[in-house]
Amino acid sequence: MGVSVEIWRARIGKFSSRCKMKSTSKTNLNVCAAVSCTLLLLVVAAAVTISMLLIGGIEPNPGPYPCNLCSVIPETVASSMRHQHMHASRIKAFVYRCPEQGCEKFATPSFSYLKYHVSVLHRDTYHQDPSATEMICCPYTSLASEDLGQCNYSTVSFWEFVQHLYLHLDKNHSVMCPIDDCEREKAFQKKTTFRVHMSVEHKDWRAEGCPKEEYTRDVVVPSHPTMEPFETECPPINETIQADGCDEDNELMNDDIVLDSIAKFYLHLYAENLLPQTTIQEICDSLVYLTEVIQARIKLVLSRELKELSIPQESVNLVCFKVMMADVLYTSHHRSVTGPSLTSDHLRRKYFTENFGYREPVQINLSENDPDSTDTLQYLSVEESLSQLLQDDTIQQEIEASFFRIPSPENEVHDYYDGTLFKSEDHSPREIHLNIYQDSFNIVMNPLGSAKNKFKDLVVYFTINNFKPHLRSKIATKNLILICRETVFKKVGAKKCLERMVEELKKLEAEGIMFKNEKVDVVVEFMLGDNLGQHLIGGFIESFSCTYACRFCEIKRNEYKSNPCLAKPQRTKENYDRCVLRANLTGKIVRGVKADCELNTLKHFHATSHLVCCLAHDLFEGCVSWDLAGIISHFVHDKKWFTYELLNKRIKSFKCIGIDSRNKPAPVHKMGEKLGGHAVQNWMLLRLLFFIIGDKIQDFYDPAWKLYIQLKELCEYVCAPVFLKSDVPYLKDVLIPAYFENRREVLCEKKHPIKPKHHYFLAHYPELMLKYGPLIHLWTLPYEQKHSFFKELMRKTRNFINPEHTCAVRYQMSFCYSATSEMFCEHFIDKKSRPLTSSNFTGDLSAYISRQKFDHWFESETVFLGSSVYKKGDLLLLALNGSVISVGIIKVIASKESLLKFIIEQRKAYYDSDLGIYEVDLDSLGAHSTHELSTLDYPVPQPLYTWGGKSLFSLKYKLVQSSDGCEDSS
C-alpha cells in the first residue's frame, strides 16, 4: 500500500541533508527540470478534468488508503484524511472513512469526528507510510545538551522528520531546508521562519503520496532517432509512475472513463441541478475557451523548454500534439478533434444515448386529422425502462428474493401477496408485479388566476411491486410512463391516451422480459391514485355528489348518507360489463359507470377489483380532517376548554421528537370545517393532540373525547403494516359501528355531513384490508413526492412552450443518472464510536457485556441508517402481550462491519384507555437483552414524550399480538 519513498522523493525532490554533496550533473538537472515543468503543465490541463471526475464520482467514497474516486494513493492516514476532505468539498452528503487497516468500518459525515477518532485510536501511525523502508537520519548534533555527538534520530516519515527539526530549532540549532533542490542556501535560526518557508515554497511537503504530480496522464511519445532517452532520477515523460494501485491508475488514464466522467458532469447539471439548457451551454462554451487558453500556454512553455534541450522542431511539434490529444477535456470540447464531442445539447444527448442508456421520450400526436396539433403526450417505454432497471444488481437481488418468499403465518397479513385478491389469481412463482399510478398536478408552483389550471398535467408512473414495502416506498422506485396535459387527456379520452401503454403491458404479459438470462412474466397488479383519478381511469362518474358515487358497491347517495357503514353487494365484472354496454348504447351514465376501462384487457386487471383505495386521501385528508376538526370545534365552542389561538400557539411551540419532527402538525382552521395540514400532518395531530392540549381537557369521559379516542384507535388498526385476520371482524362489527353512533351524537350532521369518503372508510376498508393486504403499503404519498421533481424543474427552467416534453426529457436524464449507481445501497454511518468493552460501563450492564461475545465490536453514540437515526436512550417496540407492550431502551449500539445490534434494557408500557396512549414504567429495573436490527419487527425508534413527569408515547399503528414475549436474541 502506498508508493515507495524513492518514487515519492523523485516527485517533489529529495529531502536529504545539505551537508551532503550533490552529485547530479547540470545537464541532467536541466532535463529533470524540463520534464518536471512538462508534468506540471499537464496538471493544469487535467485539473478541470479531475474536478469533473470528482463531481461525477466513479465510486461513492474513497476507501482506505487507495482512493476510489481518483488514482491518488495516499501513503499515510493524515494524507488520506486531507485527500478525503478535498473530495468532501465537491460531493454532497460525503461520508468519511478511517483509512487505517482493520478500521475500514468506521464512517462518519463529520471531518472533525474523523480527526478525533484518528487522534484517539491511531495517533502513533498518523504520519507513517507502512510501505516505506528507507530511513531518514538526522544529520545534526544531538538534542541533549550534555551530548555533543550526532543526533541518532531516524524515521521513515518525512512529516515526523520535519517535526523533529522543529525541536532542533527550539534548541537554537541551525537547520537547512530538508527539500533537495531548494534555492535557499541560508540556514534557518527560527522555527516560525522555517515553517513559513515550508508552507510557501514547498506547499506539497505534507502530502505524503498525494503530490499534484500524481494527476498526470499516460502520454506515450513515439521513439525518434534524434531523441536520446532521459537519464535522470525523475520519471521520464513517457512513463507513468506506477504504484500498488496501478490498476486504478490504468482505469483513470483510460480516455473512455475520463470522457464518461465529463459527460456525467453534464448529466448531473441536467438531471440533478436542473439547470436550463442555455445555462449549460454557456458553461460548455466557457470550457471551450478555457481549454484553448490552457493548451496554448502548455504548447508555448513546452516548446520553449524542449528547444533549450536542442530537440528538433519536428519532435517538439509531435510532443505538443500528443500532449494536446491527451487532454480529454480539450478534445471533447473541440469538434475539429476526432472523437466524441460534447459541445452542443444534441451531441451531449447523443453521447448519453450511446453510453448511459438515455432514450428520447416519444411524442404521440393524439389528433387524427391535424399533424401539427398540440394535443400530444410524452411517452417512455415501460419495457425499456424495466430492462434498464433489471441491470441493477441490488434490484436483481430483491426480485430474486421475492421468487423464494417464505409464506406468512396463516392468521397474519404482511403484504399484497397475502391478500385474497392476489391469492385468487393464477400467478407464477417467478413473476414481476407492477403497480401503476396516475395523478394530476399543477407543474407551476402556486399558480394564480388564469394560470391555475393552465399547466395541470396528468402523469402515469410504475413501480416494481416485488420490492419489500420499505424499499417500495422510496421515491427513486417511481418510474415515469407518460405525461400529458389534463385537458388533452379529458378531451381525447383515456382510450386514446393509454393505448400505447396498454399495448406494451399486454406484450410484457404475453412475452415476458429477460431477467438474468431467462424470460420472466410481467403482470400489472394494482392501479393506484386518488378517487378522482381512479374514477377517471376506471370509467366511473367523476362527480361525488351524484346518486352512485361508490366504485366498490352500488349504494345510493341517500343510503350512505343515513348509514355510511352500510355496504351493498360488491360490484362484479359481469355487472360492470352490463353497465358499460348500456352506457355505450344509450349514451347515459348507468349506475355510476359511463365507459369501459382500458386496463380491463390486461391479464388479471379489472376496474371493479384492482382500483385500490388510498389512506392519505380517504382517511387523513378526508375523514380525519373533517371529524377531528369537528371534535376540536366541540371543545372550543361548546365546552370552551380552550381557544383556537391557544391551540395553534401550542402547536407552533410543540417540539416533536425523533421521526415525528419531520411532519409537525399544521395550525387548525378557525372555521372548524377541516384541519389545515396535509395527510401526514393531520395524522400527526391525531396522534399528538393529548401532548399538545391534554392539560386543558377537563373531562376525559366527555363523548367528544371518547369519539377522538375511537377515531385514533380506528386509524391504528387501518394503518398497521402487519395485521391479524382475526382483528378485522372486531374492526368491522365493533369499532366502526360504535364510532358512527358516537359521531352522530357529537357532530352536527348539518355542519359536519357524511361524505363518500366516510362510506369508503367505514363500510369498505375492513374488507379491502383482507383483499389488498395492508393499505399503508398502497397509499400514494411516495408518488406525489415525485411530483416535486417536475415542479422544481419548471421553477428553474421556466420553459412553458412545451413543458411536458421538457419534463419527460429531464426525467429520463435523471433516470439515466440514477442508473449509474445502485438503487438500494443502504449502509449505516456511526458517530462517536469506540471499541466495545465491558470496562466502558458499570453495574449490571458491564456484567452483561462481559458475558457476551463482542470481540472486535464497536459501540457508537449515534447511528444513521437510511432515513432512521438511532441514539442511546431511544425506545424500541419489541412485542405486544395483551394490552402491555414490551419495550427496550437502547443502552449500547454495537456494530461490526455490516452488522448492527442493540443492547437494550427491557421495560413495560401500559395502555391508558382514557387517554389513548402508553406509559413506560421506568421505576422497575429490567433485564438486558441483545437484538440484531434485522430481527426487529418494529425497527423504527418510537418517539418518547415527557408529560406531567411521565414517559408516554402514542402509537402510529396497532402492533401484532405476540405469545412468546420478548426473548434475548443475542
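- The side chain to side chain donor-acceptor pair (under 3.5 Å) check on Asn466 picks up Ser402, with sequence neighbours excluded.
- Residues forming a salt bridge (Lys or Arg N to Asp or Glu O under 4.0 Å) with Glu518 (at least two apart in sequence, or on another chain): Arg430.
- By the side chain to side chain donor-acceptor pair (under 3.5 Å) test, Asp418 pairs with Ser408, sequence neighbours left out.
- Residues satisfying the salt bridge (Lys or Arg N to Asp or Glu O under 4.0 Å) criterion with Lys423, sequence neighbours excluded, are absent altogether.
- Qualifying side chain to side chain donor-acceptor pair (under 3.5 Å) partners for Lys712, counting only residues two or more places apart in sequence or in other chains: Glu716, Ser954.
- Listed by chain and number, the residues in a salt bridge (Lys or Arg N to Asp or Glu O under 4.0 Å) with Asp660 are Arg687 (sequence neighbours excluded).
- For Phe854, the ring-ring contact (aromatic ring centres under 6.0 Å, His included) partners are Trp857, not counting sequence neighbours.
- With a 6.0 Å cutoff to the six-membered ring centre and a 45° limit on the axis angle, Lys478 counts as a cation-pi contact of Tyr783.
- Phe953 pairs by the ring-ring contact (aromatic ring centres under 6.0 Å, His included) definition with Tyr918, not counting sequence neighbours.
- Screening residues 846-860 for salt bridge (Lys or Arg N to Asp or Glu O under 4.0 Å) gives Arg834-Glu859, Glu859-Lys872 as the qualifying pairs, with residues at least two apart or on separate chains.
- When the salt bridge (Lys or Arg N to Asp or Glu O under 4.0 Å) test is applied to Glu272, no partner is found at least two apart in sequence or on another chain.
- In this structure Tyr417 satisfies the ring-ring contact (aromatic ring centres under 6.0 Å, His included) test with no other residue, sequence neighbours excluded.
- Residues that satisfy the side chain to side chain donor-acceptor pair (under 3.5 Å) test with Ser385, not counting sequence neighbours, are Arg359.
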